[in-house]
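What follows is a single structure, written as structure tokens, with notes after it.
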Number of protein chains: 2
Amino acid sequence: MTSEILEKKTGNIRAKSQVKILTAARTEFVLQGYRGATVQSIADRAELPKANILYYFKNKENIYHAVLEHTLEMWDEGIGDIEADQGPKVAIEKFIEAKVRMSFNHPESSKIYAMEIIQGAQHLKDYARTYQRQWVREKAKLFQQWIDNGEMANVDPVHLIFLIWSATQHYADFETQILTIMNRADFEEEDVEQVIAFLCDIILRGCGLT
Amino acid sequence: MTSEILEKKTGNIRAKSQVKILTAARTEFVLQGYRGATVQSIADRAELPKANILYYFKNKENIYHAVLEHTLEMWDEGIGDIEADQGPKVAIEKFIEAKVRMSFNHPESSKIYAMEIIQGAQHLKDYARTYQRQWVREKAKLFQQWIDNGEMANVDPVHLIFLIWSATQHYADFETQILTIMNRADFEEEDVEQVIAFLCDIILRGCGLT
DNA sequence: ATTATTATTAACCATTTAGTCAGTTAATCG
DNA sequence: CGATTAACTGACTAAATGGTTAATAATAAT
């Protein structure tokens with residue numbers, strides 16, 4: 001055995017346990033909220049003794065932070081970058097598609113993030129907030145240029161981003177309500193495509209991009 | 001003093017205390033979640049001893065139910081009814097306006113409702129869910145008729161309702177994030193009007209109603 | 001005024017919960 | 001192998017929490 005493989009193995013136990021814990025924690029935090037999720041309930045779901053959880057994470061807050069951090073990273077990766085050269089139509093399409101797919105593929109992450117914001121973003125670090133402000137400003141500037149060039153209708157770019165954000169996120173956060181209303185037990189593959197098509201259709205037309 | 005006034009007075013203490021408690025509870029439930037909001041914290045916020053809270057509400061769950069019930073009633077009143085005879089343009093405008101105003105005027109109610117749904121609607125009675133399904137179906141049927149009559153673009157009516165729902169609710173639920181991004185401390189009157197105008201503009205155009 | 005009802009609250013209790021610790025077992029390494 | 005480090009865990013504790021109770025004060029009814 002090379003030392004590389006050995007190294008991998010040592011890290012593996014730790015890594016595997018942490019993934020197990022974080023997965024369980026994510027579910028518990030969604031179902032019960034931060035305070036409602038107990039270290040014991042996370043342990044039960046992860047099928048590990050409580051003390052083991054606290055061996056890998058100093059305390060409950062650390063678990064939550066790790067979950068939150070992971071969510072932010074995923075969002076960052078998942079969101080396709082809106083580029084200036086692609087034009088408004090492709091940009092909006094890509095943005096909608098990326099966000100819808102994330103909503104359907106990782107509803108729990110979206111939910112945790114939503115709850116965090118709803119409760120006042122008490123655990124969200126300042127850099128995360130600042131980062132988002134920068135992101136929105138930057139993208140809004142792009143939209144504004146397209147508007148100024150007459151490439152799309154004159155709609156407020158910041159609110160447009162809010163609109164796309166909310167409409168896409170909704171399918172994750174309000175999963176329960178949507179399934180109830182649609183009288184379904186679960187979403188299916190085609191639902192994702194249908195939502196993407198619907199949102200692209202109506203929002204692009206709303207932006208005068210047809 | 002007539003007996004009516006006396007009756008009023010007896011009920012007054014109860015009513016006043018209950019309002020005080022429910023107002024405090026609403027805030028606590030938003031800030032800390034169901035489990036995180038303690039009877040003590042609600043008492044502190046209401047400036048009443050804890051035992052007094054439990055004199056008016058048997059237990060914490062009852063407080064929460066009362067808060068939730070109040071929210072549903074308000075939603076029911078606040079939402080202007082979409083009528084068949086007004087046509088799609090007015091219907092959508094009215095719907096958007098009603099929901100945006102509710103979001104800005106009662107963000108806490110919206111937030112509590114959102115959290116409840118995100119967590120799986122564990123406390124929401126079946127009748128509330130069924131009621132909403134009925135409501136959406138009914139309104140979707142109206143939209144479908146308008147589409148069939150060629151009065152608006154062929155967009156999925158159910159998803160259209162989801163879109164309006166999410167876009168409007170967003171300003172309540174994600175208040176924190178939106179204020180951060182807009183670099184503001186609070187919303188102002190003109191923000192409400194601007195949001196209504198923006199959403200009507202883009203969604204109506206999206207529905208081919210310009 | 002006297003009685004009855006409603007409102008109020010301090011003190012208390014059983015349970016839950018986050019976190020600690022000391023001791024054990026398993027993996028890794030020279 | 002022997003030693004070192006990492007992984008694991010049962011048992012415990014202090015604090016917090018939901019809820020009860022019993023006793024007192026205020027209000028209303030007769």
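None of these values were measured; they are calculated from a predicted model. The sequence lines fix the lettering, A, B, ..., with proteins before strands; numbering per chain opens at 1.
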How many Å lie between CD1 on B:Ile63 and P on D:dT17, as a whole number?
14 Å
Could a donor-acceptor pair under 3.5 angstrom be found where the side chain of B:Lys60 meets the base of D:dG19?
no
How many whole angstroms separate atom CD1 of B:Ile13 from atom P of D:dA28?
6 Å
B:Lys60 charged N/C atom sitting above B:Phe29 aromatic ring, 6.0 Å / 45°:
no
With hydrogens left out and only the distance checked, is there a donor-acceptor pair under 3.5 Å joining A:Lys58's side chain and the base of C:dG19?
no
So, does B:Ser110 use its side chain to make a donor-acceptor pair with the main chain of B:His106 at under 3.5 Å?
no
When you measure from the side chain of B:Ser17, which nucleotide among C:dT8, D:dG18, D:dA7 comes out closest?
C:dT8
Strictly by Watson-Crick or wobble contacts shorter than 3.5 Å, is anything paired with D:dC1, and which nucleotide is it?
C:dG30
Nearest to the side chain of A:Tyr56, heavy atoms from C-beta on, is which of D:dA7, C:dG19, D:dG18?
D:dA7
Reckon A:Ala37 touches a base, only the sugar-phosphate, or nothing at all at heavy-atom distances under 4.0 Å?
sugar-phosphate
Heavy atoms only, 4.0 Å cut-off, all strands: where does A:Asn52 land among base, sugar-phosphate and nothing?
base
Measure the CG-CZ distance between B:Asn183 and A:Arg133 for me, rounded to the nearest 0.5 Å.
4.0 Å
How close or far is atom C1' of D:dA6 from atom CD of A:Gln18, stated in whole angstroms?
13 Å
Considering only side-chain heavy atoms of A:Tyr55, which listed nucleotide, C:dT9, D:dG19, D:dA7, is closest?
D:dA7
Please state whether the phosphate of D:dA6, meaning OP1 or OP2, lies under 4.0 angstrom from any side-chain nitrogen or oxygen of A:Arg14.
no
Note: for A:Gly36 and A:Ala51 on DNA chain C, the residue whose nearest nucleotide lies more 5' is A:Gly36
Report yes if a side-chain nitrogen or oxygen of B:Arg35 is closer than 4.0 Å to either non-bridging phosphate oxygen (OP1 or OP2) of D:dT17; otherwise report no.
no
Would you kindly give the CG-to-C1' distance between B:Leu48 and D:dA25, to the nearest whole Å?
16 Å
Rounded interatomic separation in angstrom, taking NZ from A:Lys50 and P from C:dT16
13 Å
Please report the distance, rounded to the nearest Å, between CD1 in A:Ile53 and P in C:dG19.
13 Å
Nearest whole Å is fine: how far is C:dT8 P from B:Phe57 CZ?
13 Å
Rounded to the nearest 0.5 Å, what separates atom CG in B:Leu72 from atom CG in B:Asp76?
8.0 Å
Euclidean distance, atom CD of residue A:Gln40 to atom C1' of D:dG10 [Å, nearest integer]
12 Å
Taking the side chain of A:Leu54 as heavy atoms from C-beta outward, which of C:dG19, D:dT20, C:dA18 is closest to it?
C:dG19
Inter-residue atom distance B:Leu124.CG - B:Tyr131.OH, 0.5 Å rounding
13.0 Å
